[in-house]
Every structure is written in structure tokens, then in C-alpha cells.
Amino acid sequence: MTTLADPHTESFRLSMLLNDTRYRSLTFQFIALVAIIAFMAFVGGNLVRNLAAAGLNISYEFLGSQAGYDINQRPIEYTSQSTHGRAALVGLLNTLIVAFLACITATIIGVIAGVLRLSNNWIVSKLMSFYVEIFRNVPVLIWILIIFSIMINTAPAPRDFRGDDPAASMWLFDTIAVTNRGVYIPKPVWGEGSLLVLGVFLASIVGIFLFRRYARKQLFDHGRLIPTFWPSVGLFFIPAILAQLVLGSPISLDYPSLQGFNFRGGITILGSLIALWFALAIYTGAFIAENVRAGILAISKGQTEAAGALGLRPNRIMSLVVLPQALRVIIPPLISQYLNITKNSSLAIAVGYMDVTGTLGGITLLQTGRAIETVLLLMLFYLTISLLISFFMNIFNERMKLQER
Amino acid sequence: MSDTHAQTVAFVRETEIPPAPPPASQAGAVKWVRENLFSGPFNTIMTLLALYFIYKIFMGAFPWFANGVWDAGSIRECRDKVTASGAETGACFAVLVDRWDHLMFGFKYPADAYWRPLVAFLVMLVAIAPVLFSKVFPRKMLILTALYPFLAFWLIWGGSLWVPLTILAAIIVTGMIFKFVESLDVGARTILAAVVGAGAGAGLAYLLFTGAQELWFIAGSIGNATILTLISSTLFMALSVFTYAMFIPMGIFVGYAIYNDAEDGGLVTIVTSLAAIYVMLAYLLGPVSGTLNSIIPIELQAVPSRDMGGYMLCMILGVVCVSLSIPLGIILALGRQSNMPLIKGVCVVFIEFIRGVPLITLLFVANVMLAYFMPPESNFDLILRVIIMITMFSSAYIAEVIRGGLAALPKGQYEAADSLGLNYTQATRLIILPQALKISIPGIVNVAVGLFKDTTLVSVISMFDIVGMIRGPIQQSTDWISIYWEVYLFAALVFFVVCYSISQYSQWLERQLNTSHR
């Protein structure tokens, strides 16, 4: 008869820390921890010594002191009397503005180019391939500099607009002036009652959402197809315009006009902002085009054929069957393209657009000599933006995900 | 019925009609044009629009290009020549001829040494060939690839040949030590293990000791004002006490562990080799290479890093950073997959941090901040600092690409490796990594191309790479003031050629490595 012995329990030996896979990971982590602590201590000790030698200390007090430099593009009130902190804030807003503009433009360009590259028109698809390959394979910095050079070298100077027979003229019924100092566009003036118009506009946007939801419910519950596109467009424009007319045009536009040596009035968009915006948009648009193309190609032909067999018309096949599935493939890389735009907008420093790298990481750093503090703040800012963008886009991504039941 | 039909047939053809060509509208160019360009009203409009667009571009660019002046000393002379020839517009390519050397090598690299980077570049093409086209070139050429870094370093930076040769010798000697220790019998290895273990334990303990000293120092230098400093100070104190307390046990433990491992042999060989190469590089490099050089001087004129510039700088940064960041990226990706929480955490924080900030801020770190973290008397070369930061940057991206490859591997591959009894190193090296890397090739190439393009960003921290060269010394010189189309298009062309060929190569490689059976 065999007796079942208890499994032999080994007593713990020191060498098991190295030879036994159960304990080995602990050993390695401990050694890694020691190394990290030693490294941190080494770096920190050097930092303390170097700062002491330079007579510096880590302090963020400089953010409260007077900046003393001008910022040419400022979305909020700022003068050279303002503080460094406010300058950083202006730069931060400038970064967000250019990133936002570039993201939208790049998406539009990318979607158009991506769809056109799949066109069965040979010339058009080849043209789009050229666009994608040329813009993808050349550094974005070079594109920024090229567009900036075009802006300041080939656009007419403000004085060309003067005289009875001017060399240059304004665009769109004398409302937009493109000059080598920047582009001047009309600026809205908020008069009495403009809040009401704005309210009507916001309400009509809410109305569009409600209407679309109602239409979808009708479609799903009763199979009734209500057209949504034209009613939405109408709802978007008509109530606000009506309100504007009824209330006697409370929102008016301040047009730029040539006064003295330069244009006055309106909103000035600097050449550097335009260079950055367009360069980022066309550069990233080429990448987005590839993502869009890959997304559409990833949808198997059977889906289109099945939808066709159900009797759907081509545009409905696109909007109800192909696009919703393609979006799942397109959105994740799109998120990282948006992040890339935001990070690449730091190249503003090359053309003198005062984004946060230009103010906080540029002039403030030079003036105060506080390298560590400014660079850390800069990194913190970009990290926050990156994490926020990917957080929101991931939520969106989650909602678009295939619902498996 | 069929009968009646058979009766009604009046004529049966007995010969075949010779095949006729399809109608002209259904064959050849006409059919192609109809199908691809004018298949519908919308398509026709698109074609016409595209043709108009191409026509405008061509009419705008061609005269400018065709009337280009290739031989002039300044932009004024250029313009005069163009107007003298009666043309309205004309490019001024003369700037490329005039400043070719500067665009390629920067404006401070000694002119009589231009052949050196050129040779380094040509040899690079030879050295990289067996890696890129492993089926065409013999494997023995890989020896040249291994030697190439030393040769290129000597050619580009100059100085004594004996410095890279001594480093090479140190690496070879380390390899020989590794082989030798592996071949020792158990008795000899036990003795060696005891010695090495004691040394390594003492080394680690020394590391701890200096770390603790630094912690004391930091804690002491923090002021005594607020609660926060009090807390951090206490934390530092606690940590330093901890490390002090671990000083001796640590040494004993490591020594014992290595001693105990002697029968296995793995750790002894690794630690011995590491210790040997550390000693050789830290203490023997200077004296040995100095002595050898005084006996047989083989020297090239030394060029300091700050004199490098132009396209050469982009190439150096691109090649060095890509080749360094691939192994680093693999390590980071494996670390992120690891089930050790500490290692995993460090890797995750590193990757996410680096990916969250733009490269420019990292270059700022290299430029203004890194010096604060180095020992006071050390003077780090700017190119080296930039290389470190760019390598960290791209390795984080490569790590994410490889992580994708690792995640894409079916779980069965890991289980199969386990069931074969392979340990972690063997499984990773033989089964997991080859497949994961194959999946990640397109991604890695994308990162590499992106990195190569990003080398232009060093112009922002006033280094004179090709873009910095154009923006600074060329556009601001009196001869070539504010010239932009010609130089920027040239820079764009240079980058396009390299990046486009790399991406074409990667597509070719993907097809080559496609082992799936379809």
C-alpha cells in the first residue's frame, strides 16, 4: 500500500531569492528600487549643488513679477505691465487656439483627401497620393517656414491697398485684407440685445439635437424616415438671423479699414499664426488621409454588398453601414494625430507666434533665467493637455465601439 | 418541337469567324480614359478641375524653374541675370552651388576635412547594406557593420584612432572574459564567484552609500520654514537611514547570491564581464590609448561637436538616435509587459511622460536644464545631450509600437514557449521578440522616419542643422538675404528623398517577411 506523503515543503533559503521564480522578481525589483533611489539622489544632489553655486533656488515667485515684454497676438487683455504668469496664460490660450484651428482644418483636409484617394478617377487619386507622400515625408518645420516665408514675402504690404488704383484689393466685398503683416477680418461688436440673439442661436442648436434624436426614435420605433439634413441647416441659420433682424441688428461687424500706415479695426490674424495653422493642417491632414483611407478599406466589401442587397441607396450605405464601422478604425489614430498637432504647435517658436513655448519657455525663461521652473511648467501644461485630449477621445471612442450582445 | 426546329434551320456555319478587335470605344487607351476619367458627370468635373489645377501649378512653376540661374555670387547678381535673359521669373539655384558645403557640413567644419564625413557616409551605406538586404549580401559583411560605429566616430570627430580602437578592444576582451568564465569548471568558478560577489556587493553597497549621502545632503540643504519642507526632510532622513541600514546586509546578500549561483554560472559570467568592462573603460581607456598614440601616432584633426552642422548633423542625429532607441524601446516595451509592479510602473511613467510632451521641451531640457542635473565640474557636449534626449523621446514611441506587436501575438505562443520549458530570456529571444518585431516593422519605420524629420527641430535651440543653416547664416548673409523658395525646396527635397525611400524599403521588407501562408 502506498502512502501519500505530504508534499515536501522546502524551508526558505537565501539563494531562493535568486533561483526561485517566486522570489526572484522581488529581488530584481529591490535592486531596481535601490538603483532608482541612488540615481534620484545623485541627480537631486547635483541639482542642489548647482543651484547653490549659481545662487538660485527653486521658486515660482517670478510668475508674479512684471513681464515687461509685448505679445503681438493676445486673446485676452495683456500689456507689457502684466505679470509673467499672465503672459504664460496668454501663450497657453494661443496654443489652444492654434491647436483647435489646426485640428479642425486637418480633419477636413484629411477626410477629403482620404476619400478622394480612393476615387476611381485616376488623376484625382494620383494627385492625392502625391499630396500625401510629399507632405508626409518632409519635416513640418520646413512647411511652417515655407508658408511663413510666402506670407511675409508675397502677400501685399498695407500700403499697396492705398490710392485710387491700388495694387492689391481686399477680399469678399472689402471685408478681409490679406497683407504681409497679417490677415485682417471683421470683428463682431456685441451691441444691446445681442445676448438674446446668442440665446436664440444656442436654443436652435439644442433644437437641432432634439430634432435629430426625435427623428432617430421615429426611425427605430416606427420605421419612419424623417429627413434631417435640410431641417437642421434651416434650424441652424433661420432663427438666429430672424432674431437679429427683428431686434434691429444688435450684433454688428467692425470691418478693418486702411488708416494711416496700417489697417485698423477688425481682428488681426498674424502671418505666423496662419503659417503655423496651415502648415500643421496640411501636414497632419496627409496623415489623417492615410488613416481615413485605411479605415474605409478595412470595411469588407461584403458589408457594402449586404447593404445593397437590403435595398439601401449608395449614400445611405455610406452613412449607415460603411462610415459607422470605419469610424471605429479611424478614431484611435485620429486621437494621436490631434495630440501630435497640439505638441507640434510648440514649433510656433520658430516663426515667432507667441504660444506658451514662446512666452513661458522663450522670453520669460530668457529674462528670468529660471530654466528648471519654466521648463517644468511647460511640460506639465503639455502633459495635462495630452492626458485631457486622450481622456475625452477615449470616452468618445468607447461610445462608438461595436456593441456586442 | 425540337424536331421542327431542327428542320427549319436553313444555314449552319461551318467555319469560325476570325476574332475581330473590340470596338474602338471598348479597348485600349480610349476605354481606359472613359472608365477612369470620364465615367460620369461628377467624374468629368473632377478630372477637369484636377487638370486645371495641374496646369496652373505647372505654368507657375515651370518658367521659374527653367529660367533658374545656377552660377552667381549673390542674390542681386542672380536677379540681374534673370532680367538680362529677358525672363519674368527665375529661380536662383546659385545659392545651392555657392553654399553647398555649408548646407551639407555646416559653416564651421574644417573645409579640408569634408572628405571624412563623406567617407563615413559612403561606408555607412556599405555597412548598413547587409542589415537591410540580408539575403543579398553575405553575413560576413556584418563584421563591417559592427566595426562601423568606431570608424565613423573617428572619421567625423577626428582625434586619435587609438581611442575608438581601445574601446573596441575593451569590448572584445569583455567578450573573451565572458567565454572564459563560462568555460571554467565549478571549483574555479566558485572561487571566482566569491571574489566577484564580494566586489559586486561592495559596489552596490557603495552606490547605496553615496546615494544615502546625497539624500542627507539634499535634506540638509532644504530650508526649515514650512510644513512641506519638514515633511520632505523627514522623508529624506527616513530614506537615508534606510539605505544606511541596508549598506552592509546588501553587500553580504549580493556576494552570497553570486557565490551561490556559481554552479549555475549565469550570473557570475555576466557580473564578471560587466565589472571588467567598467574597470577597463573607466581606468584604462585614457592611459592605454594615450600610450599607444605616443608610440604610433595615428591622428586626424579633432573637430569639436559644436562645429558640426548642416545635413550632416541631421544624419548623425537620425542614425545614432534610431539605432540606440530600438534596443532601448524593446527593453521599455518588455518592462511595460512585465509583471513586476515596480519595473512596470517605471516604464509606464517614463513612456507616458515622454509621449505627453513635445520634443521641443525635451530639447530645452537638453539645452538649459540638463546641466543642472550633472556634477558641477562636468561639461557635457551639447550634441551628446541632444542625442540623449532624442533617443529617450523616440524610444518611448518605439516602445509603444513594440508593445502593440507583443499584444498582437496570440497567447498560445507564450504558452507554447512555456511548455517547451524555455525560461523567460530564451522564450523572449527565440519566440516572442522575432514575431513581435516583425509585426511592428511598419510602426518602427514610421517612428524612424518621424525622428529623422524631427532632427530639424534642433535648429530651435540654435544648432546649425540644415534648417538652422538656412535660417541663420544663409538668409541673414548680405549675399543671400531673404532667399527662401530655393533653399527650403532643396531642404524639403533632401528629406523627401531619404524618408520616401525608407518607407518604400519598409513596404518591401514587409512583403519579404510575410511568412503567413495564404
Side-chain angles (χ1 to χ4, degrees), chain A residues 14-15 17-19 25 27-29 31-39 41-53 119-124 127 133-134 136-143 145-146 149 153 343-344 346-347 349-350 357 361 365 371-372 375 378-379 382-383 386-387, chain B residues 36-37 39 43 46-47 50-51 53-54 204 207-208 210-212 214-215 217-218 221 239 243 250 253 256-257 260-261 267 339-340 342-343 346 353 356-358 360-361 364-365 368-369 371-376 449 453-454 456-457 459-460 467 471 482 484 488 491-492 495-496 499-500 503:
Chain A
L14 199 52
S15 64
L17 280 178
L18 211 63
N19 299 328
S25 65
T27 320
F28 281 144
Q29 289 186 71
I31 293 180
L33 182 69
V34 166
I36 291 169
I37 289 179
F39 177 74
F42 172 73
V43 167
N46 285 334
L47 179 65
V48 169
R49 267 189 208 101
N50 284 322
L51 285 178
S119 148
N120 47 11
N121 187 318
W122 185 80
I123 293 193
V124 171
L127 214 56
E133 293 298 346
I134 287 180
R136 263 181 0 145
N137 286 314
V138 171
V140 61
L141 180 61
I142 292 185
W143 290 124
L145 292 173
I146 286 181
S149 300
N153 286 319
K343 286 188 283 172
N344 277 341
S346 59
L347 286 174
I349 199 167
T357 322
L365 190 153
I372 294 165
V375 174
L378 210 55
M379 287 182 158
Y382 280 110
L383 263 182
S386 297
L387 293 178
Chain B
N36 287 299
L37 300 182
S39 65
N43 214 342
M46 294 292 285
T47 306
L51 284 177
F53 180 73
I54 295 172
L204 205 58
L207 193 68
L208 263 177
T210 44
E214 291 294 325
L215 286 181
F217 175 71
I218 297 171
S221 69
L239 265 176
T243 38
M250 189 78 194
F253 167 69
Y256 179 75
N260 211 294
D261 186 56
L267 205 59
N339 45 17
M340 300 185 226
L342 181 76
I343 308 270
V346 169
F353 176 75
V357 300
I360 292 224
T361 55
F364 279 164
V365 170
V368 295
M369 207 170 139
Y372 282 108
F373 294 126
M374 294 296 158
V449 169
K453 288 185 292 176
D454 279 348
T456 51
L457 300 199
S459 63
V460 171
V467 174
R471 271 158 59 79
S482 71
Y484 63 102
Y488 283 138
F495 275 97
F496 178 80
C499 297
Y500 188 67
S503 63

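Proteins come first, then strands; the chains are lettered A, B, ... in the order of their sequence lines, and each starts at number 1.
Using a 4.5 Å cut-off on side-chain heavy atoms (C-beta onward), I54(B) and I123(A) make contact. Looking at S459(B) and L141(A), their side chains come closer than 4.5 Å, going by heavy atoms from C-beta outward. Looking only at side-chain heavy atoms (C-beta outward), V357(B) and K343(A) stay at 4.5 Å or farther from each other. Inter-residue side-chain proximity for F364(B) and I349(A) is flagged as met; some heavy-atom pair is nearer than 4.5 Å.
Atom CD1 of I142(A) and atom OH of Y488(B) lie 8.5 Å apart (nearest 0.5 Å). Here N153(A) contributes atom CG and Y484(B) contributes atom OH; the two are 4.5 Å apart, rounded to the nearest 0.5 Å.
The residue among V346(B), I360(B), L51(B) with the most heavy atom pairs within less than 4.5 Å of chain A is I360(B). Chain A forms more heavy-atom pairs under 4.5 Å with one residue of A491(B), A371(B), G356(B), S503(B) than with any other, namely G356(B). Heavy-atom pairs under 4.5 Å with chain A were tallied for I343(B), V365(B), L457(B); the largest tally goes to L457(B). Ranked by heavy-atom pairs under 4.5 Å with chain B, the list S119(A), A38(A), A350(A), A32(A) is led by A350(A). Note on L383(A), L387(A), I134(A): by heavy-atom pairs under 4.5 Å with chain B, the leading option is L383(A).
Nearest heavy-atom pair, R136(A) versus K453(B), reported as atom, atom and distance to 0.1 Å: O-NZ, 2.6 Å. The shortest heavy-atom contact between L127(A) and F53(B) is CD2-CD2, 3.9 Å.
Contacts between Y500(B) and chain A at a heavy-atom distance below 4.5 Å involve backbone atoms as well as side-chain atoms. Only the backbone of M374(B) comes within less than 4.5 Å of a heavy atom in chain A; its side chain stays farther off. In this structure, the portions of F353(B) lying under 4.5 Å from any heavy atom of chain A include both its backbone and its side chain. In this structure, the portions of V368(B) lying under 4.5 Å from any heavy atom of chain A include both its backbone and its side chain.
Under a 3.5 Å cut-off, the side chain of R471(B) and the backbone N or O of L145(A) do not form any donor-acceptor pair.
Between Y372(B) and the choices N46(A), V48(A), I372(A), V43(A), the side-chain contact (heavy atoms from CB on, under 4.5 Å) rule is met once, by I372(A).
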